[in-house]
Amino acid sequence: MDAGFRVGLGYDSHRLSAHAGRAERGRPMVVGGIRLASDHGPVAHSDGDALMHAVTDAVLGAAGLADIGELFPDTDPRWAGTASEIFLTEAVRRAGALGWSVINIDATVILERPKLAPHKPEIRANLARILGVAVERVNIKGKTHELLDPTQSGQKIEAHAVALMGRAAHG
Ligand code: MG
């Protein structure tokens with residue numbers, strides 16, 4: 001029996017580096033499509049938006065589609081520095097073509113600094129806009145790293161997301 005629901009899991013992480021003075025320069029810090037003031041940012045081929053990438057993979061996973069790395073390879077110059085909204089928009093479109101729409105998203109972002117809390121409403125609203133759902137259906141939780149080696153602190157952003165999808169009728 002087809003219950004009409006699918007759950008998908010997404011995960012992503014990016015190394016963080018200063019914007020200047022390093023061999024590996026960090027890009028601007030963008031989380032869920034929102035630019036945060038920060039002296040460091042992700043080292044990445046695209047814009048390094050770990051949250052957007054995790055949500056994209058959750059949606060793709062729920063719909064049984066190929067993952068973000070397969071659909072948008074980081075060897076493809078088209079995606080260099082690109083705003084990751086394009087990935088999530090495409091994931092939603094492909095899932096929709098199979099009859100799946102997002103019911104809700106729950107995500108956790110693990111980041112030492114900058115603090116996520118003040119930006120959560122804006123991030124939720126932006127993801128909800130891209131997903132085409134009400135903002136109550138997108139939840140974001142912020143955590144800090146609890147690494148064994150404190151010198152590693154702040155050198156990574158990590159995001160986990162789950163997506164519940166339903167047959168379009170559940171909209
Ligand atoms: Mg990524």
Side-chain angles (χ1 to χ4, degrees), residues 7-20 22-95 102 104-116 119-120 122-133 138-147 152-165:
V7 66
L9 173 67
Y11 166 81
D12 194 36
S13 69
H14 284 276
R15 202 164 52 254
L16 299 175
S17 183
H19 297 313
R22 296 273 186 90
E24 240 186 3
R25 271 213 319 227
R27 293 185 179 279
M29 181 74 84
V30 176
V31 179
I34 302 301
R35 173 116 176 229
L36 310 184
S38 173
D39 63 355
H40 63 176
V43 176
H45 181 70
S46 69
D47 66 357
D49 189 336
L51 175 58
M52 193 80 76
H53 296 172
V55 172
T56 299
D57 256 348
V59 168
L60 292 170
L65 291 163
D67 67 40
I68 190 171
E70 291 175 69
L71 293 181
F72 310 103
D74 65 7
T75 49
D76 189 332
R78 272 185 301 169
W79 315 126
T82 200
S84 293
E85 176 171 341
I86 195 174
F87 304 146
L88 183 53
T89 299
E90 178 63 9
V92 168
R93 191 193 67 76
R94 289 187 185 218
V102 172
N104 79 299
I105 299 283
D106 189 24
T108 299
V109 178
I110 307 164
L111 176 65
E112 204 65 32
R113 60 186 167 82
K115 291 296 175 208
L116 204 68
H119 308 286
K120 275 190 207 165
E122 201 181 350
I123 293 170
R124 291 179 70 186
N126 191 49
L127 290 175
R129 174 187 62 79
I130 299 165
L131 293 162
V133 301
V138 180
N139 192 49
I140 308 294
K141 301 178 297 298
K143 301 278 285 180
T144 53
H145 292 287
E146 298 284 346
L147 299 179
Q152 293 288 313
S153 185
Q155 294 185 357
K156 180 175 152 189
I157 182 170
E158 207 176 298
H160 304 255
V162 288
L164 182 66
M165 312 277 287

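Just follow the structure's listing: the first ligand is 1, and inside any ligand the first atom is 1. Computed from a predicted model, the values in this text were never measured in an experiment. The chain is numbered in sequence order, starting from 1.
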Angle in degrees, rounded to 10°, that NE2 of H14 and ND1 of H53 form at the Mg ion (ligand 1): 110°

Any L16 side-chain heavy atom under 4.5 Å of L111 side chain: yes

Whether D49 has an N, O or S atom under 2.8 Å from the Mg ion (ligand 1): no

Name of the D12 atom (N/O/S only) found closest to the Mg ion (ligand 1): OD2

Side chain to side chain contact (heavy atoms under 4.5 Å, CB included) between F87 and M52, intermediate numbers included: CA-CA 8 Å; F87 304 146; M52 193 80 76; 5.8 Å; no

Beyond-backbone contact of K115 with T144, side-chain heavy atoms, under 4.5 angstrom: yes

Minimum side-chain heavy-atom gap L51-D49 below 4.5 Å: yes

